[in-house]
Peer 1: 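First the structure, which I've put down as structure tokens, then a few questions once you've had a look.
Within every chain, numbering begins at 1; the chains are lettered A, B, ... in the order of the sequence lines, protein sequences first and strands thereafter. The structure displayed is predicted, hence computed values, not measured ones.
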Protein chains: 2
Amino acid sequence: MRIGELAKKAGCGADTVRYYEREGLLPPPGRSEGNYRLYDAGHLARLAFIRNCRALEMSLGEIRTLLGVKDGGGADCSGVTALLDAHIGHVDERIARLAALREQLAGLRERCCGVTPVADCGILQGLAEGGGEAAAGGGRKCLGDAGSLCGREAG
Amino acid sequence: MRIGELAKKAGCGADTVRYYEREGLLPPPGRSEGNYRLYDAGHLARLAFIRNCRALEMSLGEIRTLLGVKDGGGADCSGVTALLDAHIGHVDERIARLAALREQLAGLRERCCGVTPVADCGILQGLAEGGGEAAAGGGRKCLGDAGSLCGREAG
DNA sequence: AGACACCTTGGAGCAACTCCAGGGTCAAGC
DNA sequence: GCTTGACCCTGGAGTTGCTCCAAGGTGTCT
């Protein structure tokens with residue numbers, strides 16, 4: 001099959017396939033008389049493997065390592081589990097960081113309801129002071145209890 | 001102060017400061033006789049604002065918008081709350097995606113304990129089949145109940 | 001013969017920096 | 001006066017994983 005069909009079956013673009021070839025993740029396929037790349041089922045399986053790894057947000061470097069093991073680079077698969085454990089660790093870290101970030105953003109969001117003159121906006125003040133850290137503290141201008149209206153002067 | 005001191009106070013590198021200047025987020029400062037950039041407290045405040053936003057993982061585009069509002073681009077701060085709400089939405093999406101990813105990775109991880117010959121590694125098989133989707137299903141080679149040993153032949 | 005879909009290569013662009021080369025500036029010490 | 005060393009300048013390349021583009025070739029259909 002040609003590159004377009006391969007890409008479609010793998011759920012990616014032809015550019016991406018050529019990119020993986022350039023990066024050495026896919027072996028260069030044979031060519032037709034007209035210089036078109038010609039792929040077989042083996043190429044598709046390898047590309048599917050790569051795309052599955054990418055769907056799990058592995059880097060191309062990590063995928064390269066896995067392919068190396070697959071291609072016979074190790075006696076057992078201890079490298080695979082180690083890589084996966086490290087990857088899971090990275091994902092956990094990112095989740096933890098995003099959760100903390102989310103808290104900060106929520107704290108900041110409480111500081112204004114959006115109908116305040118710019119100079120009084122608690123969000124902009126919070127960002128000027130130190131992000132979300134001081135959000136729950138003082139300086140709150142909006143949303144006293146009920147979450148309805150700001151203490152706004154101008155009509 | 002010169003760029004190094006400014007950068008240190010803001011917790012970033014001098015390259016980053018020059019980058020923000022090129023991107024139009026920081027106004028070009030005055031220069032000394034020797035052509036060094038010279039900054040004042042206003043520059044520091046603006047840079048701190050930018051770095052606070054970046055710590056909350058806002059894009060430079062979002063920050064540009066916020067600075068525009070701050071610089072007098074709007075009568076009220078509704079743009080600020082809208083931007084923040086959208087940003088929080090993005091963060092929530094990323095958290096949800098990462099949590100799902102984490103599940104998939106954990107399912108995949110269960111399929112091998114790492115001392116299996118490469119050809120039998122359930123993780124590599126799972127990645128060849130379809131990532132983590134089929135992980136909890138059949139084809140499991142390792143960690144039957146106790147989580148101790150694989151069904152391994154070779155010593 | 002022309003239209004159209006598909007393919008080729010090489011190169012640029014994205015985000016937000018980071019690093020480097022090759023050179024200039026400035027204060028301190030000898 | 002000279003050197004040393006820290007700091008600064010500009011311009012450009014590298015990072016990741018694609019994605020898009022231009023300019024041109026191939027293959028099929030009508």
Peer 1: Which residues pass the side-chain contact (heavy atoms from CB on, under 4.5 Å) test with B:P27, not counting sequence neighbours?
Peer 2: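 B:P27 satisfies side-chain contact (heavy atoms from CB on, under 4.5 Å) with B:H43, B:R46 once adjacent residues are dropped.
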
Peer 1: Enumerate the residue pairs fulfilling ring-ring contact (aromatic ring centres under 6.0 Å, His included) with a member in residues 6-38 of chain B, sequence neighbours excluded, ordered by first and then second residue.
Peer 2: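 The answer is none; no pair qualifies.
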
Peer 1: Would you classify B:R37 as touching base, sugar-phosphate or nothing, given that sugar-phosphate means primed atoms plus P, OP1 and OP2, and contacts are heavy atoms under 4.0 Å?
Peer 2: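 Here B:R37 touches the backbone only, sparing every base.
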
Peer 1: Answer whether the closest heavy-atom distance between the side chains of A:E57 and A:V91 falls below 4.5 Å.
Peer 2: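 Answer no - side chains too far apart.
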
Peer 1: Not counting sequence neighbours, which residues clear side chain to side chain donor-acceptor pair (under 3.5 Å) with A:E5? List them please.
Peer 2: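 A:E5: side chain to side chain donor-acceptor pair (under 3.5 Å) contacts with A:K9.
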
Peer 1: Please list, for nucleotides 16-19 of chain C, all pairs of protein and nucleotide N/O atoms separated by less than 3.5 Å.
Peer 2:
residue, atom, partner, partner atom, Å
C:dA16, OP1, B:L60, N, 3.4
C:dA16, OP2, B:L60, N, 3.3
C:dA16, O3', B:R54, NH2, 3.4
C:dA16, N7, B:Y19, OH, 3.4
C:dC17, OP1, B:R51, NH1, 3.4
C:dC17, OP2, B:Y20, OH, 2.8
C:dC17, OP2, B:R54, NE, 2.8
C:dT18, OP2, B:T16, OG1, 3.4

Peer 1: Applying side-chain contact (heavy atoms from CB on, under 4.5 Å), name anything that partners A:A48, two or more places apart in sequence or on another chain.
Peer 2: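 Result, side-chain contact (heavy atoms from CB on, under 4.5 Å) vs A:A48: none returned.
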
Peer 1: When the nearest nucleotide of DNA chain D is assigned to A:E33 and to B:E5 on a heavy-atom basis, which residue is associated with the more 5' position?
Peer 2: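 Between the two, 5'-proximity favours B:E5.
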
Peer 1: B:I123 and B:L108: which non-hydrogen atoms are nearest, and at how many Å?
Peer 2: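 B:I123 and B:L108 have their closest heavy atoms at CG1-O, 3.4 Å.
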
Peer 1: For A:R54, give me all partners under side chain to side chain donor-acceptor pair (under 3.5 Å), at least two apart in sequence or on another chain.
Peer 2: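 Partners of A:R54 by the side chain to side chain donor-acceptor pair (under 3.5 Å) criterion come out as none, since no residue qualifies.
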
Peer 1: Please give me the minimum heavy-atom distance between B:L47 and B:A10, naming the atom from each residue.
Peer 2: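 Closest approach of B:L47 to B:A10, heavy atoms only: CD2-CB, 3.4 Å.
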
Peer 1: Once you round it to whole Å, what is the distance between C1' of C:dG22 and CG of B:N35?
Peer 2: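 In whole Å, C:dG22 C1' and B:N35 CG are 16 Å from each other.
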
Peer 1: Near DNA chain D, which residues from residues 84-103 of chain A have a heavy atom under 4.0 Å away?
Peer 2: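 Hits under 4.0 Å, by residue number: none.
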
Peer 1: Going by the rule side chain to side chain donor-acceptor pair (under 3.5 Å), which residues pair with A:R2 if we only count those two or more places apart in sequence or in a different chain?
Peer 2: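 Expected list: none.
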
Peer 1: Only counting residues at least two apart or in another chain, list the ones meeting side-chain contact (heavy atoms from CB on, under 4.5 Å) with B:D92.
Peer 2: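 Applying side-chain contact (heavy atoms from CB on, under 4.5 Å) to B:D92 gives A:R102, B:I88.
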
Peer 1: Which donor-acceptor pairs under 3.5 Å do side chains of residues 61-69 of chain A form with protein atoms, sequence neighbours excluded?
Peer 2:
residue, atom, partner, partner atom, Å
A:E62, OE1, A:S59, N, 2.9
A:R64, NH1, A:E23, O, 2.6
A:T65, OG1, A:G61, O, 3.1

Peer 1: Write down the atom of A:G13, the atom of A:A7, and the distance for their closest heavy-atom approach.
Peer 2: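 Scanning both residues, the minimum pair turns out to be C-CB, 3.6 Å.
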
Peer 1: Is the shortest heavy-atom distance from the side chain of B:V80 to the side chain of A:V118 under 4.5 Å?
Peer 2: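 With C-beta onward as the side chain, the pair stays apart.
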
Peer 1: Between A:G34 and B:S32, who's closer to the 5' end of DNA chain C by nearest nucleotide?
Peer 2: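 Mapping each residue to its closest nucleotide by heavy atoms, the 5'-most match is A:G34.
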
Peer 1: Which nucleotide span of DNA chain D, 5' end to 3' end, has atoms closer than 4.0 Å to non-hydrogen atoms of chain A?
Peer 2: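 Boundary nucleotides touching chain A, in 5' to 3' order, are D:dG17 to D:dG27.
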
Peer 1: Name the pairs: protein N/O against N/O of nucleotides 2-5 of chain C, kept only if under 3.5 Å.
Peer 2:
none

